Every structure is written in C-alpha cells, then in structure tokens.
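First up is the structure itself, then whatever we jot down about it.
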Number of protein chains: 2
Amino acid sequence: MSRMGQLAGPSMQKCSSTARQSEAGRRAQRCRECTVRQNALFVGLSPSELDEIAPAVPDLVVPAGETLYDAETHADALFIVRRGVVKLVNYLPDGSYRIVRLARRTDVLALETLLGEPCDHTAEALTEVEVCRVPISVVRTVMERQAWLSTRMIHHWHLAVQKAHGWLTHYATGGARQRMARLLADLHDECASAESPRPAVELPSRDDVGAILGITKETASRLISDFRRSGLVNKVDARRVEVDRMRLEEIAGSDG
Amino acid sequence: MSRMGQLAGPSMQKCSSTARQSEAGRRAQRCRECTVRQNALFVGLSPSELDEIAPAVPDLVVPAGETLYDAETHADALFIVRRGVVKLVNYLPDGSYRIVRLARRTDVLALETLLGEPCDHTAEALTEVEVCRVPISVVRTVMERQAWLSTRMIHHWHLAVQKAHGWLTHYATGGARQRMARLLADLHDECASAESPRPAVELPSRDDVGAILGITKETASRLISDFRRSGLVNKVDARRVEVDRMRLEEIAGSDG
DNA sequence: CGCCACATTGATTTGGGTCAAGCGACGTGG
DNA sequence: CCACGTCGCTTGACCCAAATCAATGTGGCG
C-alpha cells in the first residue's frame with residue numbers, strides 16, 4: 001500500500017471564508033470565541049493580546065485521509081485540534097504501520113518542532129478535522145512575554161508521555177479481546193464527553209483498529225462481529241456503534 | 001507476588017562519605033566534576049552557581065531491586081541517573097506488570113513532579129544505581145533565574161515521548177522473535193557507547209525481559225536459548241552475553 | 001453496470017501461552 | 001560441612017488464540 005497523501009497544503013481549504021469581513025478580523029473573532037482556548041495554549045492572553053496574534057494563526061479544515069505533517073518533513077508550526085480525530089502513525093520498514101496515539105479536540109500536536117527536532121511520527125486525519133496552525137514564531141513571541149506558557153507547554157508534553165504509556169498498557173497488553181474492549185470503552189468515553197445524546201462511537205477502519213491494537217484487520221473484524229453477536233455493541237450505521245460500557249469494562253479488566 | 005520494596009529511604013546510603021570533608025564541600029566538588037552534567041539539566045550553570053545548589057542535591061546509591069519512587073507517592077524531586085539501569089514499571093490490576101521504559105546515565109526521571117502531578121509509573125533499580133536527587137525547589141529556583149532551563153527540561157520531556165513511542169513500535173510490534181532481537185540489539189548499542197571493550201550485554205531477569213516485550217518468561221527463556229544455539233548470542237557469564245549485532249539486526253527487521 | 005475499496009467469514013497453520021517437571025546457584029541452618 | 005529449601009532458568013508437552021491464506025459480500029462511485 002502506498003504512503004498516500006503528501007504534506008498538507010494545496011488540498012486544505014480555509015475555514016468558511018465569508019469574504020465579507022477581513023481575514024484578520026475573522027481570525028481575531030474566532031480566537032476570542034474559541035472554546036478550546038482554556039484547555040490549550042493561550043489561556044492567559046488578554047483579548048487584545050489575542051487579537052494581536054490571531055492573524056498569524058490560520059485554521060484549516062483537513063479532509064479525512066489527508067496528512068497534517070510528516071515524520072521526515074519537520075513542520076514549522078504546532079497544531080491545535082479543534083474538531084475531529086487525528087491519528088499519529090509510525091510506519092515500519094516493512095510497510096506496515098502502527099498507530100501510537102489518537103488526538104482530538106484540545107490536543108496539541110507537533111510539539112517537537114519547538115525544539116527544532118523532527119517529529120517521530122506522521123499525523124493523518126482520521127475524520128474530517130479542523131485544526132489551528134500556530135507558527136512557532138508566534139509561540140516563541142508569546143513565550144518570551146508570558147512566562148506561564150512554558151508551564152502550559154510542559155503540561156502538553158506531560159499529556160503526550162502519559163498517553164503514550166497508557167497506550168502501551170491498554171492496547172499492547174493482554175489478549176486481543178481484552179484490548180478491543182478497552183479501545184471501545186475508551187472511544188466511548190471520549191465521545192460521551194463531546195456529545196450529550198446517547199453516545200454512538202465512531203469506529204476507525206478495520207485496518208486502523210488493527211494498527212492500534214497490534215492485530216490484523218481480520219481479527220479486528222472478527223472480534224467486532226463477535227461483540228455484536230454478544231450484544232456488546234450495536235451497529236447503528238456503517239461506521240457507528242452503540243456500546244454497552246459496563247459489560248465492555250468487565251471484559252477489559254478480566255485477568256484471563 | 002508482593003509489591004516488594006517500599007519508598008526509597010532508609011535502605012539507601014550516601015555515596016562514599018570520606019567524612020573528612022564537609023558534606024556540602026563534597027557535593028560541590030562532585031557537581032563540578034560531574035560527567036553527566038553536559039547532557040542533563042545544569043549545563044549552563046557557572047561553577048559558583050553550581051556550588052550554590054550542590055549542597056541541596058544529594059547523590060544516592062540504590063541497590064538493585066529497590067524502589068526509587070512509586071506511582072502513588074508523588075515525589076518532591078527529580079532524579080538524574082548517573083550509573084546503572086532503572087526500570088519504569090506499570091503494575092496492572094491483575095498483579096502482572098509491564099515495563100514501559102529503561103532509564104540509564106543522563107536520563108532524568110519523575111519529570112511530572114514539577115507539574116505537581118503524580119507519576120504514572122514506579123521506578124525500580126534494575127542494577128545497582130547511582131542517582132542525584134534534585135529537589136523541585138532547586139529546579140524552580142534555577143529556572144526562575146536561568147531561562148534556558150525550561151528548554152532543557154522540555155528536551156527531556158521530548159526524550160520521554162520519543163522513547164515511549166519507540167518502545168511501542170520496537171517492543172510491542174511484530175513477532176516475539178523479532179522483538180527479542182530488537183531488544184538485544186538496543187541493549188548492545190547502549191552498552192557499547194558506555195564501555196569501550198568488546199561490549200558484553202547485561203540482560204535483565206527473564207521475567208523483566210518478558211515484561212518489556214509483553215511475552216511470558218518461558219518464551220523469553222526459549223528465545224534466548226534458541227538465539228544461543230543459533231550463535232546469535234554467546235553467554236559469557238550468568239547474566240552477560242556477547243551479541244552478533246549484524247545478524248540480530250536482520251531478524252529484527254525481517255518482515256516475517 | 002461494473003469497478004474498487006473495504007468488511008466479513010471460513011479453513012488451516014502456527015506462534016506463543018499454560019502447566020508442569022527438572023536443574024543449577026545460592027543462602028541458611030542443623 | 002553438608003542437607004535442605006528457595007529462587008530463577010530451562011525444557012518439554014499440550015492447547016488455544018491469532019496470523020495467514022483465500023473466498024465471498026457489500027456499499028459507493030464513475
């Protein structure tokens with residue numbers, strides 16, 4: 001299978017340009033209203049400071065399947081995820097791949113660019129994704145003037161480490177059945193916090209489920225079918241399922 | 001199996017106290033001569049600044065098997081590894097455990113204490129280990145006066161993430177044989193840089209090898225025996241082996 | 001319609017887990 | 001000093017979970 005999309009760029013569109021207001025003005029407003037801000041980088045900025053940097057921070061809509069950034073090409077910006085799911089992928093020499101993390105709303109990606117180091121992974125949109133692209137120059141500027149940003153940044157590093165370790169113990173430990181149950185339960189949790197109605201989990205492709213759990217697409221498919229027969233999950237449409245959180249948890253935690 | 005040693009403390013001894021010089025003086029000299037310094041936190045400090053903080057930074061010798069810090073008890077200090085190997089362990093609800101990282105010379109541990117967050121793992125000495133215990137108060141003090149320390153710290157976070165992702169793709173992906181080959185090759189590399197003579201790799205216990213690779217101790221044992229029969233490794237004493245780096249690499253990278 | 005990508009299901013093989021026995025090194029106590 | 005128990009390693013026999021190989025199904029789209 002080929003490496004699919006190249007570096008993001010031409011294929012990304014600007015977000016809903018009403019063309020009436022100036023681009024800068026639009027961005028300023030978008031930043032002021034941003035619902036992600038308190039969780040992400042720029043919590044401490046005053047409205048006027050926000051307006052100052054906003055013009056340099058475009059938001060992009062990335063269609064599913066596109067590459068945000070690449071392991072080789074080192075980006076010159078951070079990405080803050082506002083909507084959708086991004087997979088961080090590690091391609092192995094033999095062409096197979098392993099997903100090392102899923103990122104969603106409020107997650108900050110490509111942190112390593114701040115150190116001038118290349119990312120050790122590739123970031124691809126799993127669903128349609130909306131991200132803010134924050135040039136490192138902007139980050140550096142703010143960081144010089146606002147000491148708290150360093151702490152904020154470190155917090156995101158911390159999250160990255162924590163999730164990486166969790167990923168290992170959750171999705172690379174125990175039997176396949178167990179791991180699958182954990183994945184579904186986790187996906188449920190992340191979904192549930194976002195949307196209030198009865199949470200229907202959006203599943204990645206079987207290949208991707210396999211790359212998350214370190215199993216083949218066939219086993220992934222079989223397990224999900226099996227879960228469906230056991231009533232653990234309930235298919236609502238092609239890619240969405242309702243899950244029985246409680247019973248999944250039992251399987252996830254079972255010692256056998 | 002019981003959780004073994006409690007939090008470090010009584011069982012650790014101060015390093016070689018010649019009792020002639022004052023403790024503070026000893027530590028100051030130790031810091032000035034430190035061979036780890038350029039790689040770790042305090043690169044940028046002048047000798048006099050170093051002397052200032054040195055008294056607050058004890059170095060400890062931790063015997064193999066002891067616990068440096070615990071997942072629950074959140075430490076109030078960072079640890080810089082000067083000698084030996086530390087395993088970072090994640091204990092699972094069913095009593096089994098998984099090793100999520102090995103730390104050695106120049107690695108900085110318990111970074112999360114700087115954020116006031118508990119560590120998500122337990123750190124145990126795999127061999128006898130020598131560490132510097134840097135109280136967070138010291139780190140904070142230096143950080144206020146020296147801006148570069150933040151960058152330095154972030155660098156170590158970066159290492160932590162990088163190693164975590166590498167761990168996943170190296171030791172939790174592919175067949176057991178392949179993973180074992182990768183582990184031995186990696187251990188070889190780390191060994192080789194430290195000691196110049198023909199590098200003999202020091203292996204962890206079979207249980208620990210299992211906890212690293214996500215396999216049972218029996219499979220670990222079988223694989224190593226098998227490697228020995230194939231001449232891939234050569235037992236020199238109870239726990240040390242010479243390895244055939246090249247042939248291991250082949251196995252590690254093979255698609256099958 | 002017919003193509004293509006993806007999902008499902010089956011048949012078969014195999015890698016690795018499990019259970020169990022034997023073995024050498026070490027420390028402790030008689 | 002040797003007997004004994006313990007602990008970690010090795011090896012074998014057996015079995016099951018998951019990989020592999022392969023066929024069929026299904027939905028979307030030009």
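In what follows, chains are A, B, ... by sequence order, proteins preceding strands, each numbered from 1. Side chains included, hydrogens not; waters and symmetry mates left out as well; all remaining heavy atoms used. Here the structure is a predicted model, which means the values were calculated and not measured.
For the pair Lys235(A) NZ and dT8(C) C1', the interatomic distance rounds to 9 Å; values are reported in whole Å. Here the P atom of nucleotide dA5(C) and the CG atom of Asp207(A) are 12 Å apart, to the nearest Å. Between Leu213(A) atom CG and dA17(D) atom C1' there is a gap of 15 Å when expressed in whole angstrom units. Between the P atom of dA7(C) and the CD atom of Glu218(A) lies a distance of 11 Å, rounded to the nearest Å. Whole-Å rounding puts the Lys217(A) NZ to dG10(C) P distance at 18 Å. Across the protein-nucleic acid pair, Asp208(B) atom CG and dC9(D) atom C1' stand 14 Å apart, rounded to whole Å. Here dT14(C) presents its C1' atom at 14 Å from CZ of Arg222(B), a figure rounded to the nearest Å. Counting to the nearest Å, the C1' atom of dT18(C) and the CD1 atom of Ile215(B) are 14 Å from each other.
Contact check on Arg83(A) versus Glu128(A) returns a salt bridge, with a Lys/Arg side-chain nitrogen under 4.0 Å from an Asp/Glu carboxylate oxygen.
Along DNA chain D, the nucleotide nearest Gly174(A) and the nucleotide nearest Ala220(B) are compared for position; the residue whose nucleotide lies closer to the 5' end is Ala220(B).
In this structure, Thr216(B) does not reach the dG16(C) phosphate: none of its side-chain N or O atoms is under 4.0 Å from OP1 or OP2. In this structure, Ser225(B) reaches the dT11(D) phosphate: one of its side-chain N or O atoms is under 4.0 Å from OP1 or OP2. Distances shown here put a side-chain N or O of Arg229(A) below 4.0 Å from the OP1 or OP2 atom of dT9(C). Dashed line: the shortest gap from a side-chain N or O of Arg239(B) to OP1 or OP2 of dC9(D) is under 4.0 Å. Contact annotation: Thr219(B) side-chain N/O to dG16(C) OP1/OP2 distance is not under 4.0 Å.
Distance alone, capped at 3.5 Å, places no donor-acceptor pair between the Asp186(B) side chain and the Leu183(B) backbone.
Asp207(B) and Ser205(B) form no side-chain donor-acceptor contact under 3.5 Å, judged by distance and modelled atom types alone.
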(request) List the steps, then state whether side chain to side chain contact (heavy atoms under 4.5 Å, CB included) holds for His156(A) with Leu78(A). (result) CA-CA 12 Å; His156(A) 284 279; Leu78(A) 305 182; over 6 Å; no
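Arg228(A) comes within contact range of the sugar-phosphate backbone alone, with a heavy-atom separation under 4.0 Å but no base atom that close.
No side-chain heavy atom of Phe227(A) sits under 4.5 Å from any side-chain heavy atom of Asp244(A).
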